[in-house]
Each structure stands twice: as C-alpha cells, then as structure tokens.
Number of protein chains: 2
Amino acid sequence: MVTVSTLKLDKRTYHHGDLRAALIDAGLAGLESTGPERISLRELARTVGVSPTAVYRHFPDKQALLAALGCEALRMLGEAQREASERAGGGIEGFGATGRAYVRFALSHPGLFRLAIAHGPAAVDLASEDDEASRLLVAYAAELTDGSPEAVRRLSLQAWSVAHGLAMLMLDGRLPPDDAIIDEVISERTLFPRPPGASP
Amino acid sequence: MVTVSTLKLDKRTYHHGDLRAALIDAGLAGLESTGPERISLRELARTVGVSPTAVYRHFPDKQALLAALGCEALRMLGEAQREASERAGGGIEGFGATGRAYVRFALSHPGLFRLAIAHGPAAVDLASEDDEASRLLVAYAAELTDGSPEAVRRLSLQAWSVAHGLAMLMLDGRLPPDDAIIDEVISERTLFPRPPGASP
DNA sequence: TCGGCTATGGTAACAGTGTCAACATTGAAA
DNA sequence: TTTCAATGTTGACACTGTTACCATAGCCGA
C-alpha cells in the first residue's frame, strides 16, 4: 500500500494535495474487488472526489494509470513472495514456497495480479529485471543449479511458466482454485525430481 | 473456420440469411488482428452490414457472442495441437509437440487464444472435458505414466500449466516471443527428465 | 389464395466511457 | 505584488452495450 489514503481533502480546497497518490490508492482498492478491465477512469476520479479530466494532469492516458497501478501491484507480489521464501527458510523448499505464494497471491488479489503481469514494464531479459519477484526467481535458479547461464535461464523460465500458467488457468476458471492442486502442481519433489546441482 | 463467410447478402434483402454464422465469422476475423477486449459488438454488426441491435436476436449478450467465439477458437487450438501431435508421431515427442503447438498457436493467434481460454466453458474436471485439446492432454498423460488417476492428473496439470504460462507470459510481453525459448522450456528431456512410465 | 404469427431486422434513446479543447483557480517564484 | 506554471473544471465528441418499441418478411394453416 502507498499509505496515503487520507489525502482526499474536503472539497473547499480547489487543489487536491496529492491527487496522483490518491488515484493510485483508489485504483488499488478498486482492483481488490474487480478486474482491471472494469475499473473506469471516471469512476476512479469520482471516488477521489475530482473531475474526470483532472486525472490527465497526472497521467497522459488511462493506460499510464494502469501501468502505475501495475508497478505497485508487482511490488506487492514480490513482497508476498519474499515473505513466503523467508518463512520457508530458503533452499529448495523456499523455491517451491515462492512459487506457491505466486499462485496464492493471484487467487487472493486477481485484479492486482492481472495488472501486475499485463501492464508492467515490458521485460527483455529476465536476469536484468529489477523487481523483487524476478530477482528472487533468478537467485533461486542460480542457487539450485550449477550456476551456468543456460541452466539458470532454463530453470527460471520453466518455474515461472508453471506458476504463472497455473495461476492464470485458475483465474480464468479453467481449473478450480483449489489449494491442494497448487501443492500438487508446484511441488519441488514431483516437478524437479532430481534436485538440480546434486548430481552433475 | 465456419466456412459461411459469403453469407453477407446484398442489402435489398431485409433478412440476412444466417446472421449468427456471419457474426461469428466476422468475430474470428477480427480476433486475428486485435484482442478480445477491443472487439466491439457494434463494429461487428457494422462489418456484417446489420444494425447493432440485430445481434441480440442471436445472442442474449455480448458475453454470449464472445463465448461462442471462444468455443470456435478452442476448437481451432485443439486442431492445431492434433496436427502437431500426429506430425510428431505420438509418444513423448508427440507430447512435447502438442505443448509447443499450444504456445505457437497462442503467439500466432493471440486474440483467438485469449478468448479460447478466458471465455470458454468453465471447466470442472479436466478428465471430463470434451474439447480436443483437453482430450489430447489427458490421453498423453495416461500414456506416459503408469495410468493411475493421480499420476495422470498431476502430469496433465503440470504440462498444461507450463505451456499456458509460457504462452501468457509471451503474449503479455513479459518474455520475448522467441521460438528458441519455446523449445527450451517445453522440452521433454529437461522438463520430465525421467520418462514417466519407464521406471516404476 | 389469403391472413396472421413468429422469427428476424431496424430506430431511437439511455447511461456510461475515454479523451480533447478551452477556461478557472491556486500557490509559489520573480 | 505580480506573474506564471501547476493543477482542476466545464463542455463537448465519438464511441460503447443495452433496452423498448416498431417494421418486415417468410412460413403455416384455413
């Protein structure tokens, strides 16, 4: 959260104070209850108590607003994953835990998750990303392989794909959002049967 | 394709002939060039040469229209996978081929793919689905495991998740839509190192 | 053959959206 | 204190999905 939620001053002030932060806060709140497609620029402005076009003083576009929300959502996702990783104590269990946290975050915050993925900054190289989620991923992949770039890359991509695919399939209703399925699919034991790095 | 594309009769006829099929055809054509959220009911009606509200004689909703398009798209996806499977000659290579075909279909028909997943019929149990894609998946999973329900289930879910995750990450710009990455991620050799069913 | 009924199409309108141009207000710097 | 850039507002435009109501046409029975 941005913790600037009480910035909606009373109406007597012509200027708002920090409209940008208020809009992002309202957007994050709205994303908790509906999907990204259904949040409206005008309604956001309404809840903040401002005219629709005032938004354009802070974001050139609706897309830009969504992108800002996406960045914040991505940060929250990474934070959830880091907590899960620390709780699991690192190692291969930590790796699995971050994957399961990825899916659980998607299920409990569908709007935020969708926006984090769909409207985040376009990624070029996974290794050079600067968000916490990506950092965690490649760090674990390096730890659990021989460290060669190819191995790190492959494990990162495969792990991310599994977690993301499961999350999206559940969000889109193609698979039931069942906790047991998460544990079944994202399992260090069955997914990567020979712990990488153990044997050459 | 539905192969009813020339049904847009000239304007002198008050009734259209087969408006429903024409709408679906136009929708599929539109999905080839843009995403599902950007196709407009009114524009679809316009390209077919009919008033906006005529659509409501054949679909109760825009959602219903999208659902119909999603079913058709899902059929096309399954067909692409079956072709790839047959070309690879079955077995574990066929399994990998269907996975790669899944991702390639997503990349070459993003709109169709998104709609096939997002607006298809809500799935309850993977084993009881009646679309070709699901059938292929569980058939391969049964062939490549000992056939126990748990093993079949797990392999199905993991394989689907990997393919779907990779496809979505590429479609959403989080990973470059690189053919080499597809081969790298969806590889029978690295993803399922011990061919299931070989050793107990 | 004819009359009516139903399937299918059209018109007008409503509320809502994102966005632009032009105008208004404010706080702070010169 | 004056001016100016930052910020907010009003009004409008084109577009959307949807509804209520009206129009046409082709088929079915008398």
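The sequence lines fix the lettering, A, B, ..., with proteins before strands; numbering per chain opens at 1. Fair warning: this is a prediction, and the values are worked out from it, not measured in the lab.
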Side chain of His58(A), heavy atoms from C-beta onward: which of dG17(D), dT7(D), dT17(C) has the nearest atom to it? dT7(D)

Mind checking what makes ring-ring contact (aromatic ring centres under 6.0 Å, His included) contact with Phe113(A), not counting sequence neighbours? Tyr102(A), His164(A)

Bend across the helix from dT1(C)-dA30(D) to dA30(C)-dT1(D), to 10°, with axes taken over 5 pairs at each end? 10°

So that I can tick it off, tell me whether Glu93(B) and Arg100(B) are bridged by a salt bridge, with the cut-off set at under 4.0 angstrom between side-chain N and carboxylate O. no

Compare all side-chain heavy atoms of Leu19(A) with those of Val55(A) and state whether any distance is below 4.5 angstrom. no

Atom CD of Glu37(A) and atom P of dT17(C): how far apart are they, to the nearest Å? 15 Å

Please report the distance, rounded to the nearest Å, between CG in Leu23(A) and P in dG18(C). 12 Å

Please round to the nearest 0.5 Å and tell me the distance separating atom CZ of Arg46(A) and atom CD of Glu43(A). 5.5 Å

Polar atoms only, N or O, under 3.5 Å: list the protein pairs with nucleotides 12-14 of chain C and their distances.
none

Taking only side-chain nitrogens and oxygens of Ser40(A), does any of them come within less than 4.0 Å of OP1 or OP2 of dT17(C)? yes

Going through the checks in order, is the side-chain hydrogen bond (donor to acceptor under 3.5 Å, both in side chains) test met by Ser156(A) and Tyr140(A)? CA-CA 8 Å; Ser156(A) 304; Tyr140(A) 267 118; over 6 Å; no

Counting side-chain heavy atoms from C-beta on, which of dT16(D), dG8(D), dG9(C) comes nearest to Glu43(B)? dT16(D)

Supply the atom-to-atom distance Ser161(A) OG to Met168(A) CE, rounded to the nearest 0.5 angstrom. 13.0 Å

I'd like a table of donor-acceptor pairs (distance under 3.5 Å, sequence neighbours excluded) in which one partner is a side-chain atom from residues 169-177 of chain B, with atom names and distances.
from	atom 1	to	atom 2	distance (Å)
Asp172(B)	OD1	Arg114(B)	NH2	2.2
Arg174(B)	NH1	Ala116(A)	O	3.0
Arg174(B)	NH1	Ile117(A)	O	3.3

Is a salt bridge present between Arg154(A) and Glu150(A), judged by a nitrogen-to-oxygen distance below 4.0 Å? no

Integer-rounded Å distance: dG27(C) P and Asp18(A) CG: 15 Å

Rounded to the nearest 0.5 Å, what separation is found between the CZ atom of Arg135(B) and the CG atom of Asp130(B)? 6.5 Å

Nearest to the side chain of Leu41(B), heavy atoms from C-beta on, is which of dG17(D), dG10(C), dT17(C)? dG17(D)

Atom CZ of Arg57(A) and atom C1' of dA24(C): how far apart are they, to the nearest Å? 11 Å

Phosphate OP1/OP2 of dT19(D) contacted by Tyr56(B) side-chain N/O (<4.0 Å): no

Distance, rounded to the nearest Å, where Arg20(B) contributes CZ and dG9(C) contributes P: 12 Å

Mind listing the residues from residues 61-69 of chain B sitting with a heavy atom below 4.0 Å of DNA chain C? Number order is fine. none

Results of ring-ring contact (aromatic ring centres under 6.0 Å, His included) for His58(B) - residues two or more places apart only: none

Considering just the side-chain nitrogens and oxygens of Arg46(A), establish if one lies under 4.0 Å of OP1 or OP2 belonging to dT17(C). yes

d(CZ, Arg38(A); P, dG16(C)) in whole Å: 14 Å

Do Leu31(B) and Leu44(B) sit in the same hydrophobic cluster, where Ile, Leu, Val, Met, Phe, Trp and Tyr count as joined when their side-chain heavy atoms come under 4.5 Å apart? yes

When we call it a touch if two heavy atoms are under 4.0 Å apart, what does Ala54(B) touch: a base, just sugar-phosphate, or nothing? sugar-phosphate

For the hydrophobic clusters of this structure (ILVMFWY residues joined by side-chain heavy atoms under 4.5 Å, transitively), does one cluster hold both Trp160(A) and Leu166(A)? yes

